[in-house]
Each structure stands twice: as structure tokens, then as C-alpha cells.
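Values below: all heavy atoms of this structure, side chains included; hydrogens, waters and symmetry mates excluded. These numbers were taken from a predicted model, which means no experiment stands behind them.
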Amino acid sequence: MSAKDICLFRTLVAIVDDDLAGREALSELLQVMDVACRTFDRAEAFMAEFEPDCFDCPITDVSMPASAGLIWCGNSGASVPPCR
């Protein structure tokens, strides 16, 4: 199911982290809490699938090699939900 299909019906969280174990653990935790999420191994992968008004919250690693999460949040543009 695509992100666009999910976001029509419920809250959708984007998890952006280069660490597979971290992505999987956070994804499982959110799913147990009945929160839909999509995982991405880098910011570029998230932006390739990004749909305006679809993702409600991005959760990102602050120290990814190619694009650190804090820098990416600052440069992601107005259409991406605010990073927290």
C-alpha cells in the first residue's frame, strides 16, 4: 500500500534512519501503538515518495552520513511536516 493510500485513512509517520535495526525497532513500536508508518533508509528515499499533506510526522536520525537529520529538517521545505 502506498503512502498516499495510507494517509487517506489515518495518521502516517515517516521514519528516516540509515540504521536498519533502529528503523525496524521504531516501526514495530509505532505499529504496536496502532500508528501507521513508512520507513526510509535515507532522506532522499523519503523525498522521492513524499506527498504534500500525507505524512503527519517525520522522525529522523540526526547523524546520517549522507544527510544529517537536523540539516535535512532545516532544508526540507515548507510542504514537509515540521521535524520534532
Side-chain angles (χ1 to χ4, degrees):
M1 183 176 283
S2 76
K4 192 171 188 174
D5 293 334
I6 294 170
C7 74
L8 293 174
F9 303 106
R10 57 194 300 197
T11 299
L12 181 59
V13 173
I15 301 169
V16 185
D17 192 338
D18 60 324
D19 176 45
L20 176 61
R23 282 194 318 270
E24 289 178 347
L26 188 51
S27 174
E28 289 174 14
L29 174 65
L30 291 173
Q31 289 175 16
V32 166
M33 297 171 61
D34 199 30
V35 175
C37 61
R38 296 292 305 255
T39 61
F40 304 93
D41 61 353
R42 60 193 194 290
E44 295 82 7
F46 168 69
M47 293 307 294
E49 192 170 325
F50 176 74
E51 293 279 341
D53 301 320
C54 188
F55 289 95
D56 297 291
C57 174
I59 299 175
T60 182
D61 181 351
V62 296
S63 62
M64 292 182 287
S67 57
L70 291 176
I71 294 169
W72 171 68
C73 282
N75 296 324
S76 59
S79 60
V80 178
C83 296
R84 307 227 190 271

> Rounded to the nearest 0.5 Å, what separates atom CG in L30 from atom CD1 in I59?
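With rounding to 0.5 Å, CG (L30) is 5.5 Å from CD1 (I59).
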> Where do A14 and F46 come nearest, in terms of heavy atoms and distance?
CB-CE1, 3.4 Å
> Please check if the side chain of D56 supplies one atom and the backbone of L12 the other of a donor-acceptor pair under 3.5 Å.
yes
> Are M33 and V13 in one and the same hydrophobic cluster, where Ile, Leu, Val, Met, Phe, Trp and Tyr link if side-chain heavy atoms are under 4.5 Å apart?
yes
> So, do D17 and L26 sit near enough that their side-chain heavy atoms are less than 4.5 Å apart?
no
> Identify the heavy atoms of E49 and F55 that sit nearest to each other, and give their distance.
O-CE1, 4.1 Å
> Scan for side chain to side chain donor-acceptor pair (under 3.5 Å) pairs involving residues 27-37, sequence neighbours excluded, and state none if there are none.
R10-D34, S27-Q31
> Just to verify, which of L29, T39, T60 counts as forming a side chain to side chain contact (heavy atoms under 4.5 Å, CB included) with I15?
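By the side chain to side chain contact (heavy atoms under 4.5 Å, CB included) criterion, I15 pairs with just one of L29, T39, T60: T39.
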> Kindly compute the distance separating CG (D19) from CG (D41), expressed to the nearest 0.5 Å.
11.0 Å
